Amino acid sequence: MTDQILLMGKLRKWFWYYGVLPLVFAYLTCLNFSAEFVNILLIENRSITLYYMAELLYYSTLCIGCLMIIWCIINAIRVYIISSKITALELKGKKYSFNTSVILFPIIAFFGFIPLALILSKTKIYFPLFPLIEPIAQDLTPYLFPIYLLITNASEYMFGNFSYSY
């Protein structure tokens with residue numbers, strides 16, 4: 001029975017420390033980036049630095065979102081592998097709740113992302129990054145432009161629509 005309790009502790013540790021906490025942090029970061037991105041898009045006369053900032057927010061959100069999907073899959077597989085070794089009857093309920101959670105909550109989070117991001121953007125309940133950068137925006141443009149070019153050209157090359165954008 002002690003080995004079953006140790007396995008349950010390992011399952012809890014993996015579920016919370018390596019699953020829930022990093023994914024919630026990444027999810028909130030993505031929500032913040034996408035809310036700011038939407039607000040930047042709604043500005044009519046954007047400066048060039050603001051344009052680059054919006055593009056970097058877009059690609060950062062996309063990258064973090066892809067990493068979150070991969071990490072959700074890894075987390076689900078790892079939780080199922082650990083929980084498959086638990087056979088004690090008194091731990092079956094907890095085991096099944098962990099197994100259900102690693103599938104159900106990412107699906108809910110996935111479908112709720114766009115409405116949450118739009119609500120955050122509309123109500124302006126997010127941590128804006130651009131006002132922190134605005135005092136040094138003119139100094140950042142020479143650094144943001146090459147990063148922007150690298151990201152756009154790499155993404156266009158990977159998806160087959162390769163053209164240089166200067």
Side-chain angles (χ1 to χ4, degrees), residues 1-42 52-133 140 143-144 147-148 150-160:
M1 183 62 184
T2 58
D3 62 335
Q4 296 291 303
I5 294 173
L6 290 174
L7 279 172
M8 193 57 162
K10 185 177 180 181
L11 179 63
R12 279 190 190 117
K13 182 180 179 181
W14 183 267
F15 180 79
W16 288 106
Y17 295 145
Y18 302 118
V20 172
L21 293 177
L23 286 171
V24 166
F25 178 74
Y27 190 77
L28 292 175
T29 303
C30 264
L31 276 175
N32 189 57
F33 285 0
S34 60
E36 186 167 11
F37 173 70
V38 169
N39 275 335
I40 290 174
L41 285 182
L42 295 177
Y52 295 143
M53 179 74 175
E55 290 291 316
L56 290 175
L57 283 172
Y58 170 75
Y59 286 114
S60 299
T61 303
L62 190 64
C63 182
I64 293 171
C66 291
L67 290 175
M68 282 177 19
I69 291 171
I70 292 168
W71 191 249
C72 283
I73 293 168
I74 291 170
N75 187 39
I77 291 170
R78 186 69 179 150
V79 165
Y80 277 107
I81 288 172
I82 294 171
S83 67
S84 68
K85 298 175 186 172
I86 297 174
T87 57
L89 292 175
E90 55 270 4
L91 299 176
K92 290 270 187 187
K94 292 180 183 177
K95 169 184 152 175
Y96 291 133
S97 68
F98 284 129
N99 288 344
T100 305
S101 296
V102 295
I103 298 297
L104 185 63
F105 287 119
I107 291 172
I108 292 170
F110 180 77
F111 287 116
F113 183 79
I114 293 174
L116 274 174
L118 292 175
I119 289 170
L120 289 176
S121 175
K122 186 175 182 178
T123 58
K124 303 217 187 284
I125 304 176
Y126 65 93
F127 181 70
L129 298 174
F130 192 72
L132 298 174
I133 298 171
L140 281 179
Y143 299 110
L144 290 178
I147 294 170
Y148 166 74
L150 175 74
I151 292 171
T152 56
N153 287 336
S155 65
E156 288 175 355
Y157 180 74
M158 286 190 307
F159 297 115

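Being a predicted model, the structure only gives us computed values, none of them experimental. Residue numbers start at 1 and run along the sequence shown.
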Please check: side-chain N/O of Ser60 versus main-chain N/O of Leu57, any donor-acceptor pairing under 3.5 Å?
no
If we ignore hydrogens and angles and just use 3.5 Å, is the side chain of Thr100 paired with the main-chain N or O of Tyr96 as donor and acceptor?
yes
Smallest separation among heavy atoms of [X] and [Y], with atom names:
X      : Y      : value
Asn32  : Phe127 : OD1-N, 2.7 Å
Tyr17  : Pro22  : O-CD, 3.3 Å
Ala117 : Leu31  : N-CD2, 3.6 Å
Ala35  : Ser121 : O-OG, 3.5 Å

Given side chains that start at C-beta, do those of [X] and [Y] come closer than 4.5 Å, heavy atoms only?
X     : Y     : result
Lys94 : Arg12 : yes
Phe33 : Ile64 : yes
Phe37 : Ile40 : no

Taking side-chain contact (heavy atoms from CB on, under 4.5 Å) as the criterion, tell me which of Leu91, Asn99, Ile81, Ile82 meets it with Leu11.
Ile82
Candidate list Leu23, Thr29, Leu21, Leu28, test side-chain contact (heavy atoms from CB on, under 4.5 Å), partner Phe25, passing option:
Thr29
[atom1] of [X]: more than 12 outside heavy atoms within 6.0 angstrom?
X      : atom1 : result
Phe113 : CZ    : yes
Lys92  : NZ    : yes
Ile114 : CD1   : no
Phe110 : CZ    : no
Phe105 : CZ    : no
Tyr126 : OH    : yes

Can you tell me how far the [atom1] atom of [X] sits from the [atom2] atom of [Y], to the nearest 0.5 Å?
X      : Y     : atom1 : atom2 : result
Thr61  : Leu56 : OG1   : CG    : 10.5 Å
Leu41  : Ser34 : CG    : OG    : 11.0 Å
Asn75  : Phe98 : CG    : CZ    : 11.0 Å
Lys124 : Glu36 : NZ    : CD    : 10.0 Å
Leu7   : Lys95 : CG    : NZ    : 10.5 Å
Ile103 : Tyr80 : CD1   : OH    : 4.5 Å

